[in-house]
Amino acid sequence: MWWKKWWVWLIVVVAVGGGIVAVVARQNAKHPTISTSPQPASVAATDSVAVAAGKQLTANHCSGTGTVALNYAPMKPADISIIDPYGLTVGGHVTPVDHEYYWAKNNVKDSSDVLALADGTLADIEYRPHSANDAARNGVAGDYRVTISYTCTFMSYFDLATSLAPDIEAQLPKGWEQNGHGSNGNTDINIPVKAGQAIAKMGGQSLDFAVWDMTKNNPKLLVPAAYAGEAWKIHTVAPLDYFSAAVKTSILPFYARQAEPRDGYYAYDVAGKLIGSWFLKGSGGYNDPTKPPSGSYWAGHLAITPDWIDPTVWGFSVGAYNGGDAKQFIIKPLVTDPATIGVDTGMVKYELLQGGQYQYANGQQWNQMSTPTGPVTMPTNGVSQATALLQLTDANTLKVEVFPGQTPTQVAAFTAAAKIYTRSGN
């Protein structure tokens, strides 16, 4: 599996060295950007903003508005091992992820069907070949990312599927995988599908999955324009809010997160407070336009957010640590909650710890490969790694400096190396 879980990859990095580079590169590849150019002429000026946004994400292959009942999960419950919620920070996912991870019990290539959630249209499909090393590791030659429209304001997507159903593949232009963006095939399509229809296969890695409601704008992403390169992000919603009662009953036992909401969160911004996602000033936001398509667009990202499984613990995630790449930490138990820190608080110090492995109340570790049998917590007694100084200089500007290898008693003030972050990246 190309990344599996971050705690597994820590072991891999120790064993093989440099492995994290491959992981981060794959994470970059799996996040295509949506054009921010003007809407096509077929998007009528009278269309609502939500419909126009939906038409852009589906290449105009949609009709109608509103939500529909989602009577199927993206995988058969009998095939599911565990469902990881929104909100993970790992490697190049410096800000909390806006998709869930479905894992198969028989986790080998093409082991499980990927299903349409309702009657709809396959509106866009992308193929990305794996590197030779990745392909050798999990037997997967490449990934398929598919957008399904149910209406012009309601859709879902999945990513990291390992093959397409033969009847779907037969309806695509011959050789489409080799067209489009370099070696990555991308095409807009218009293939009707029925609820429960198998449209792809997955296995050997997770299936990424999310639901988008274009009539909803997440209020915890304070500057939507910062995410223009991923136009779906502000419209991502909790799948459990749209699944039928029968689907919820069948899949809730597989949810890794026991805290409510079970789907987790991927957005935490609060105006004038430290909590949430930030971008290096001058970077332009989430998709840093100064970085080439293969570059580390996350280098200017920063997030101070609750842990995705144990929200009583806070995480510190930074895109460029100590002159290197992205890094995630646990914040040592807090004196001051990041959700309460504002301009008047002044400078705060956080000791950053190495993350551990989730455990049950009796101290037994949760293996993270199957659904927990009860509440789990993230230990906060890990090895000290660094100290972070942070100060909100105004409601939307954050001064940050991280001191690797130093404890809070060794750090007194910012130096000339401090960096400035904003909500917008401007």
Side-chain angles (χ1 to χ4, degrees), residues 29-44 47 50-65 67-68 70 72 74-75 99 102 110 112-130 140-202 207-214 229-233 235-236 293:
K30 67 190 279 289
H31 283 285
T33 60
I34 297 295
S35 170
T36 56
S37 60
Q39 299 292 330
S42 55
V43 176
D47 281 352
V51 169
K55 286 185 175 182
Q56 183 184 12
L57 287 172
T58 61
N60 293 314
H61 298 316
C62 63
S63 61
T65 59
T67 62
V68 301
L70 300 181
Y72 287 84
M75 290 173 59
H99 51 263
Y102 276 61
D110 288 353
S112 302
D113 288 332
V114 182
L115 310 178
L117 313 185
D119 292 355
T121 300
L122 300 191
D124 185 75
I125 186 168
E126 179 184 10
Y127 175 77
R128 299 181 308 276
H130 280 200
V140 178
D143 302 327
Y144 294 85
R145 184 184 194 273
V146 174
T147 299
I148 308 175
S149 66
Y150 306 106
T151 72
C152 286
T153 59
F154 190 56
M155 53 211 67
S156 67
Y157 96 102
F158 63 80
D159 198 358
L160 304 187
T162 50
S163 66
L164 297 177
D167 60 328
I168 299 300
E169 185 76 53
Q171 298 179 69
L172 295 170
K174 185 171 294 186
W176 73 272
E177 293 96 334
Q178 283 71 50
N179 299 323
H181 307 295
S183 61
N184 298 333
N186 181 277
T187 187
D188 60 273
I189 53 178
N190 190 13
I191 300 175
V193 294
K194 303 298 291 184
Q197 179 180 341
I199 53 182
K201 293 280 190 180
M202 64 79 65
L207 181 77
D208 292 4
F209 165 74
V211 175
W212 307 330
D213 184 341
M214 310 310 288
E230 295 196 354
W232 60 83
K233 191 178 291 287
H235 307 295
T236 299

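Shown here for Asp119 and Ala195, the closest heavy-atom pair between the two residues is OD1-N, 2.8 Å. Leu70 and Ala118 get closest at one heavy-atom pair: CD2-CB, 4.1 Å. Scanning all heavy atoms of the two residues, the minimum distance from Thr162 to Asp110 falls at OG1-OD1, 2.6 Å. Scanning both residues, Thr236 and Ala210, for their nearest heavy atoms gives CG2-CB, 4.2 Å. Between Met202 and Tyr102, the shortest heavy-atom distance links the atoms CE-O, 3.6 Å. Closest non-hydrogen pair, Met214 versus Ala53, comes out as CE-CB, 3.5 Å.
Using modelled atom types, no side-chain atom of His61 and backbone atom of Asp124 make a donor-acceptor pair closer than 3.5 Å. With Thr151 contributing its side chain and Thr153 its backbone, the two residues share a donor-acceptor pair below 3.5 Å. Counting only distance, with no hydrogens or angles, the side chain of Gln56 and the backbone of Ala52 share no donor-acceptor pair below 3.5 Å.
You'll find the side chain of Leu172 reaches within 4.5 Å of the side chain of Ile191, heavy atoms only. Within the 4.5 Å cutoff, side-chain heavy atoms of His99 are placed close to those of Tyr157. The closest side-chain heavy-atom distance from Ile148 to Ile199 is below 4.5 Å. No side-chain heavy atom of Met75 sits under 4.5 Å from any side-chain heavy atom of Leu115. Looking at heavy atoms from C-beta onward, Asp113 lies out of side-chain contact with Gln197 at the 4.5 angstrom threshold.
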Worksheet item: Can you check side chain to side chain contact (heavy atoms under 4.5 Å, CB included) on Leu117 and Phe209, steps first, answer last?
Response: CA-CA 11 Å; Leu117 313 185; Phe209 165 74; 3.6 Å; yes

Practice prompt. I would like to know whether Trp232 and Thr147 meet side chain to side chain contact (heavy atoms under 4.5 Å, CB included); could you show each step before the answer?
Written response: CA-CA 11 Å; Trp232 60 83; Thr147 299; over 6 Å; no

Worksheet item: What do the steps show when you test Gln171 against Leu164 for side chain to side chain contact (heavy atoms under 4.5 Å, CB included), and what is the final call?
Response: CA-CA 11 Å; Gln171 298 179 69; Leu164 297 177; over 6 Å; no

Practice prompt. List the steps and the verdict of side chain to side chain contact (heavy atoms under 4.5 Å, CB included) for Thr58 and Thr121.
Written response: CA-CA 9 Å; Thr58 61; Thr121 300; over 6 Å; no

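For Ser63, the side chain to side chain contact (heavy atoms under 4.5 Å, CB included) test picks out no residue, with sequence neighbours left out.
Taking the six-membered ring where the residue is Trp, Tyr127 and Tyr144 present tilted rings, their angle falling between 30° and 60°.
Side-chain N/O atoms of Thr67 and Tyr150 include no donor and acceptor closer than 3.5 Å.
Atom SG of Cys62 is separated from atom CG of Asn190 by 9.5 Å, given to the nearest 0.5 angstrom. Here the CD1-OG distance, from Ile168 to Ser163, works out to 11.5 Å after rounding to the nearest 0.5 Å.
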